[in-house]
Amino acid sequence: MRRRKEIVSALCAIIAGGTLAVAVAGFQGRGGQEGPKVARIEKVKDNLYYIFEPASGGNTAAFVTDSGVVLVDAKNPGWGQEILRQLHTVTDKPVTTIINTHTHRDHTGSNTEFPATVEFVAQENTRNNMAKETCTALGNCQSFKGENAKYLPKKTFKDKMTMGSGKDRIDLYYFGPGHTNGDAIIVFPMLRVAHFADLFARKAVPNVMPFDGGSAVSLPQTLAKAVAGIKDVDTVITGHSTLMTWKDVEEFAGFQREFLMSVQEAMKANKNADEAAAAMVKTLTVRYKDYTIAEPKTKENVGLIYDELHRTGHYVQ
Ligand SMILES: [Zn+2]
Ligand SMILES: [Zn+2]
């Protein structure tokens, strides 16, 4: 008993010591939520890294080019310094460009913590979402009012754009509505890597945000277009999970297609959204074992699809 107590207190000391070191390293003297902000950086391939930590928001890619660093996504507000701190462990080059994959706060949150000389880039609908008069807190348009409008993307694209050339080339794609109406997929063709952001956040029933133009009905088609339209990628940076493979993207696109088809069948069979969701959780969990398929989220998405199909008149019995 006594020995156990000793072990416990020794463990506590280790944990406390570790936490303290972490807290000192990551303390941010800014307003808002104070506390340790510590992320991690890992090499994806060659000159491409990603910076991650669940509480920080979406995964940030850091592409070190000849002329400077291109970041993909800027995490939650207050994480700018920690992005730079991690970045400086691998390069001395300055950040020249930030690509925002979509409007959400956990991907655009620290735009305003970088020098305004940084070039901000986004799909045109995302730029419009960021510049909206009003939006939800997640939509983050509040952050770009007045003086801060200078942190809005000035360089935008519609369907496809290429930046840089040779080994520094980046291809930006937009395939249609999904998580929002402006989700960009960022491809590093020479490295065969793509950042899917919240179009493929994790292996789970996805978050679809109608307030920001997202569409649960269009999502499977958008992903199918991405799978068909993007060539020669083997490694994928997800929005909020670990690195994955192109096969994982194909599987995820298949999951979304199956999800939508199941909802359409349930509608034809006159099941209500709750009945449909309960049945789908059972079948999908068997087929997609490493996916998070919780009943509340499934119900929510089934409800979104029901609403959307009724509203658009695409559902004719
Ligand atoms: Zn996100
Ligand atoms: Zn998002």
Side-chain angles (χ1 to χ4, degrees), residues 33 37 39-40 50-62 71-80 82-83 98-113 120-132 134-144 151-153 156 172-186 194-220 222-223 226 236-244 248-249 252-253 255-256 291-292 294 297 300-301 304:
Q33 280 183 336
K37 287 191 169 62
R40 281 194 286 159
Y50 85 119
I51 302 169
F52 59 97
E53 146 56 30
S56 73
N59 291 329
T60 293
L71 294 180
V72 180
D73 282 346
K75 301 194 176 294
N76 279 314
W79 284 82
E82 178 59 9
I83 291 173
I98 295 178
I99 300 170
N100 293 124
T101 59
H102 63 293
T103 190
H104 289 154
R105 182 182 151 93
D106 55 324
H107 300 257
T108 59
S110 79
N111 271 28
T112 54
E113 296 160 32
F120 295 94
V121 183
Q123 201 275 343
E124 61 186 24
N125 298 335
T126 284
R127 196 257 171 219
N128 292 341
N129 286 337
M130 291 166 78
K132 266 186 193 167
T134 56
C135 63
T136 62
L138 182 65
N140 204 32
C141 63
Q142 311 83 355
S143 291
F144 303 101
Y151 297 103
L152 287 169
T156 59
L172 299 86
Y173 293 91
Y174 174 72
F175 291 104
H179 176 65
T180 71
N181 63 353
D183 308 304
I185 299 172
I186 316 304
H195 192 331
F196 265 69
D198 284 2
L199 263 184
F200 182 21
R202 54 179 71 78
K203 288 191 176 185
V205 178
N207 291 318
V208 173
M209 304 298 181
F211 282 125
D212 306 306
S215 164
V217 172
S218 300
L219 177 66
T222 298
L223 284 165
V236 171
I237 302 172
T238 55
H240 291 267
S241 184
T242 55
L243 296 180
M244 295 209 187
D248 293 320
V249 171
F252 186 72
F255 174 81
Q256 301 311 329
Y291 276 55
T292 305
K297 190 75 210 170
E300 188 188 318
N301 281 26
L304 284 176

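Ligands are counted one by one from 1 in listed order, and the atoms in each one are counted from 1 as well. Along the sequence shown, the residues carry numbers beginning at 1.
Seen from the Zn ion (ligand 1), atom OD2 of Asp106 and atom NE2 of His240 lie 90° apart in angle, a value rounded to 10°. Note: angle at the Zn ion (ligand 1), from NE2 of His107 to OD2 of Asp198, is 90° (rounded to 10 degrees).
With respect to the Zn ion (ligand 2), His104 has ND1 as its nearest N, O or S atom.
With ring centers used as reference points, His240 lies under 6.0 Å from His107.
The existence of a salt bridge linking Asp106 and Lys75 is excluded, since no basic side-chain nitrogen approaches an acidic carboxylate oxygen closer than 4.0 Å. Salt bridge annotation for Lys297-Glu300: present, with a cationic side-chain nitrogen under 4.0 angstrom from a carboxylate oxygen.
One finds the CG atom of Asn207 at 9.0 Å from the CG atom of Leu138 (value rounded to the nearest 0.5 Å).
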